[in-house]
Amino acid sequence: MRNLFPILTVLAAIVGLWYLGAVWMNSAWTLDRAEGPLSFTEVVRDTMSQDRPRLPAPHQVAAELYDTVIDKKVTSKRSLVYHGWITLRSTLTGFALGTLIGILMAVGIVYSRTANMSLMPWAIISQTVPIVALAPMIIVLMAAIGVEGRAVPKAIISAYLCYFPVLVGMVKGLRAPDRAQLDLMDTYSANGWQTFWKLRLPSSVPYLFTSLKIGIAAALVGTIVGELPTGAVQGLGARILIGDQFGQPIMIWAALSAAAVLAGILVTVVAAVQTGLMRRMGFAQ
Amino acid sequence: MTVVKADDLALTFQTNDGPVHALADVNLTVEKGDFVSFIGPSGCGKTTFLRCIAGLETPTGGSLTVNGMTPDEARRSRAYGYVFQAAGLYPWRTIAGNVRLPLEIMGYSRAEMAERIARVLELVELSGFEKKYPWQLSGGMQQRASIARALAFDADILLMDEPFGALDEIVRDHLNEQLLKLWARTEKTICFVTHSIPEAVYLSTRIVVMSPRPGRITDVIESPLPRERPLDIRDSTQFLEVAHRVREGLRAGHAYDQ
């Protein structure tokens, strides 16, 4: 793995900075409580092991992760695997929905001038509305029309964030064929469906996957935002919220780390599918 | 039999800078089995004329028929194969897959597709490259594959727009020789756009010299060369005489003004 070394280097740098930050941010609390003068070593030792640190040290988060991922049964309400699964399920639903909407809108925009002029501005405006403001409304509206639970509104919020990069990438991809390639289809007197299926769609695949990698990360963010508003009890977002309400920074950071790992895995999986498909299609050199 | 007939053909593009006369007063007939080259400087309308024949551009004046039909009807009846300057093979299709493209669109049976792919790849000497992807082939081979693609559905007319323009001279010589053999074997009618005087003279039975502003025909030269043409015919006096006349025609059309 040629790529592993740089990744590990950056990771080591982050962990190093994180430790420095933990000492710096937690030392105030240590010094406030101190009854006498403390040596530097004593201050550092204390900042590493507070119960409610401002910034938990990496090993504290790691220990919490170990406890809630490995030690707890996956069915337990305190298991991060359980909450991660809830989040993953909504993310994938939202991702599928968002991708579908993005592709359909892109096809409409590429083929219809009216759709291009009417849909595109709204698609851009939709992304300027802060999702944190919109999320509670979507949840309330879903409840009002009688949809039980959080799964559906979460998937909708997730799709809302995810469709946009897919839309933009697909529009670019479907428009990728140049004049000569389109003329060639005309010389065969190919119909619109054949031009779409045999030229535009295959041309768009590289663009689509670039967008899907952004899209799946956005879908995860959307799901977590959907789990944040008061009332959620399941999912990584809910863990962050509960950690905040009960003053448990270690819990918050563990959930955050789990979300980051989940995002990394999802993007890696999409990238692997991309590599495989591109090779099968003969794009790879 | 007349394949292409143009009478007082004109095409004017309306642009922001006023009208551009891409073609004016073009009169030409192409007979079945002809190899007609269009030569002239950029902007003389040679590509535009080819695109008119193909029904990819619509003339604004005069009349144009292809196989007795309007160019658009001819296009819809798949009367011609078109070869572009860039090979334009689909990177996600193998060579066989690229040649299969027009056959899929035209709805040939699976067995017939396989038979035709094998036949036209043999014709352009690419047998054995069926499963290669375009990026695995040289530029000259890619252009041969695109010619095979244009031949696959047995159109009687082959329209070629500077197909060898981007290739080096050695490859180009070789492909010119191959193209003549292919023309002799298939008895197609070929309309061929080029920048190169030796290429035009070597390949053609008729050479159409064009000049710009407005795009028009300044000379039509019937080649006295025999149909059988080895490469060294290019050193013969006859060849040089024709080349000279083409050059004179280009000069007369003020082609070298700029």
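Everything quoted here is computed from the prediction, not taken from an experiment. Quick note on labels: first sequence line is chain A, next is B, and so on, each numbered from 1. These values consider heavy atoms only, across backbone and side chains, with no hydrogens, waters or symmetry-generated copies.
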Please state whether the side chain, the backbone, both or neither of S203(A) comes within less than 4.5 Å of a heavy atom of chain B.
both
Applying side-chain contact (heavy atoms from CB on, under 4.5 Å), run through Y188(A) and L101(B) and close with a yes or a no.
CA-CA 9 Å; Y188(A) 302 146; L101(B) 175 71; 4.0 Å; yes
Taking every non-hydrogen pair under 4.5 Å, which of D178(A), V205(A), L184(A) racks up the most with chain B?
L184(A)
With a sphere of 6.0 Å drawn around NZ of K213(A), does it hold more than 12 non-hydrogen atoms of other residues, nucleotides or ligands?
yes
I'd like to know whether CE of M117(A) has more than 12 heavy-atom contacts from other residues, nucleotides or ligands below 6.0 angstrom.
no
Tell me, for I105(B) versus chain A, whether the close heavy atoms (under 4.5 Å) come from the side chain, the backbone, both or neither.
both
For atom CD of E187(B), decide whether the heavy atoms of other residues, nucleotides or ligands shown that lie under 6.0 angstrom number more than 12.
no
With a 4.5 angstrom heavy-atom cut-off, could you sort out which part of Y82(B) is near chain A: side chain, backbone, both or neither?
both
Please evaluate residues Q194(A) and M106(B) with respect to the criterion side-chain contact (heavy atoms from CB on, under 4.5 Å), reporting the C-alpha separation (whole Å), side-chain torsions for both, the decisive distance (0.1 Å), and the verdict.
CA-CA 10 Å; Q194(A) 288 167 327; M106(B) 297 174 192; over 6 Å; no
Residue among N191(A), T195(A), D186(A) with most heavy-atom pairs under 4.5 Å to chain B
D186(A)
Interatomic spacing from CZ in R179(A) to CG in L56(B) - rounded to 0.5 Å:
8.0 Å
R76(B) side-chain N/O to S189(A) backbone N/O, donor-acceptor pair under 3.5 Å:
no
Can you establish whether the number of heavy atoms outside E169(B) located under 6.0 Å from its atom CD is more than 12?
no
Locate the shortest heavy-atom distance separating Y90(B) from M185(A); write the atom from each residue and the value.
OH-SD, 3.4 Å
Can you name the closest pair of heavy atoms from P202(A) and W92(B) and give their distance?
CB-CE2, 3.1 Å
Part of Q181(A) lying under 4.5 Å from any heavy atom of chain B:
both
So which of G88(B), A86(B), P102(B) has the biggest tally of heavy-atom pairs under 4.5 Å with chain A?
P102(B)
Nearest 0.5 Å, what's the CZ-CG distance between R51(B) and D183(A)?
4.0 Å
Once you round to the nearest 0.5 Å, how far does NZ of K198(A) lie from CZ of R93(B)?
5.5 Å
